[in-house]
Amino acid sequence: MHRRRRTALAVSAATLLAAPLLAACGNEAHPGAAAVVGGERIEVSAVQAQAADVRAAQESSPEAAQLVNKSGQLNRAKLHGLIFGRILDKAAEDAGVTVTRKEIQEARTAGRAQYGGEEQLRAMMLQQRWVAPDQIDGDMRQEVLLPKLAKALGVDLGTPAGQQVVGEALTKASKQLKIDVNPRFGAWDDQKMQLGTYKAPWITQVTEFAPQEPEAGA
């Protein structure tokens with residue numbers, strides 16, 4: 001059970017992919033938007049607000065300097081997280097999967113037990129995943145949703161074969177959403193579930209086992 005929980009934790013950490021810092025300027029087609037996903041805008045202000053919450057939490061930590069230094073690409077990580085979250089929601093909707101508030105609270109309770117209490121859970125989320133205290137429930141929701149999606153697809157998220165099937169579902173949802181990212185921030189890769197070329201060190205199995213499109217001329 002712990003192995004599966006760690007897998008879910010790692011997979012949900014895929015929302016923390018990063019690349020160059022996010023600027024406050026939109027593109028010509030969607031001024032003020034960092035990205036458009038499924039026809040809905042992700043405003044630069046929303047990305048910046050999430051990053052600001054994390055910065056505030058980091059700066060109140062005894063390890064503030066170290067935390068800030070290690071998260072220099074925080075704004076882009078948050079943009080990736082917002083995009084990935086909408087892809088996961090789309091894949092879950094297509095599979096008829098939902099998450100209840102009770103399930104989120106149960107996941108948080110399990111997290112407290114695993115890390116030794118609420119304070120330790122918050123510290124881990126902030127240090128390893130750049131998640132502020134008020135963002136934990138949202139992260140836990142994805143942690144619950146991923147294995148439920150796998151189950152609905154008839155696979156085990158803890159196996160390579162299962163991860164490939166989930167990766168295929170996420171890629172399909174990503175393509176359907178026609179993700180348009182401001183060129184200043186790079187381009188979204190449907191296959192890799194990745195913004196730009198940066199790959200965070202904690203990127204996990206689901207994207208690694210996602211199907212790869214053949215190279216040109218292959």
Would you check if the side chain of Lys78 reaches a backbone N or O of Trp130 as a donor-acceptor pair within less than 3.5 Å? yes
Is there a donor-acceptor pair closer than 3.5 Å between any side-chain N or O of Thr109 and the backbone N or O of Gln105? yes
If you round to the nearest 0.5 Å, how far is [atom2] of [Y] from [atom1] of [X]?
X      : Y      : atom1 : atom2 : value
Leu126 : Ile136 : CG    : CD1   : 8.5 Å
Ile42  : Gln50  : CD1   : CD    : 9.5 Å
Gln163 : Asp156 : CD    : CG    : 8.5 Å
Gln128 : Leu67  : CD    : CG    : 11.0 Å
Phe84  : Leu170 : CZ    : CG    : 5.0 Å
His80  : Ile83  : NE2   : CD1   : 7.0 Å

Any idea which heavy atoms bring [X] and [Y] closest together, and the distance?
X      : Y      : answer
Val144 : Ala107 : CG2-CB, 3.7 Å
Asn75  : Ala51  : OD1-CB, 2.9 Å
Ser174 : Met193 : CB-CE, 3.4 Å
Ala34  : Leu79  : CB-CD1, 3.7 Å
Val44  : Ala33  : CG2-C, 4.0 Å

Could I get the full list of side chain to side chain donor-acceptor pair (under 3.5 Å) partners for Gln58, not counting sequence neighbours? Arg55, Ser71
Taking side chain to side chain donor-acceptor pair (under 3.5 Å) as the test, write out the residues that go with Glu118, two or more places apart. Arg108, Arg112, Arg122
Across all chains, not counting sequence neighbours, the salt bridge (charged side-chain N to carboxylate O under 4.0 Å, His left out) partners of Glu63 are none
Can you confirm whether more than 12 heavy atoms, excluding those of Lys148, are under 6.0 Å from its NZ atom? yes
Report yes if some heavy atom in the side chain of Asp137 is under 4.5 Å from a heavy atom in the side chain of Arg101; otherwise report no.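 The answer is yes, as the side chains (C-beta and beyond) meet within the 4.5 Å cut-off.
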Minimum side-chain heavy-atom gap Glu168-Lys172 below 4.5 Å: no
Residues 85-95 side chain polar contacts: donor-acceptor under 3.5 Å, at least two apart:
{"unit_1": "Arg86", "atom_1": "NH1", "unit_2": "Glu40", "atom_2": "O", "d": "3.4"}
{"unit_1": "Asp89", "atom_1": "OD1", "unit_2": "Arg141", "atom_2": "NH1", "d": "2.8"}
{"unit_1": "Asp89", "atom_1": "OD1", "unit_2": "Arg141", "atom_2": "NH2", "d": "3.3"}
{"unit_1": "Lys90", "atom_1": "NZ", "unit_2": "Asp94", "atom_2": "OD1", "d": "3.3"}

Linking I/L/V/M/F/W/Y whenever their side-chain heavy atoms sit closer than 4.5 Å, directly or via other members, would Val131 and Val68 fall into one cluster?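 No, Val131 and Val68 fall in different hydrophobic clusters.
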Taking only residues two or more places apart in sequence or in another chain, which ones pass side chain to side chain contact (heavy atoms under 4.5 Å, CB included) with Ser60? none
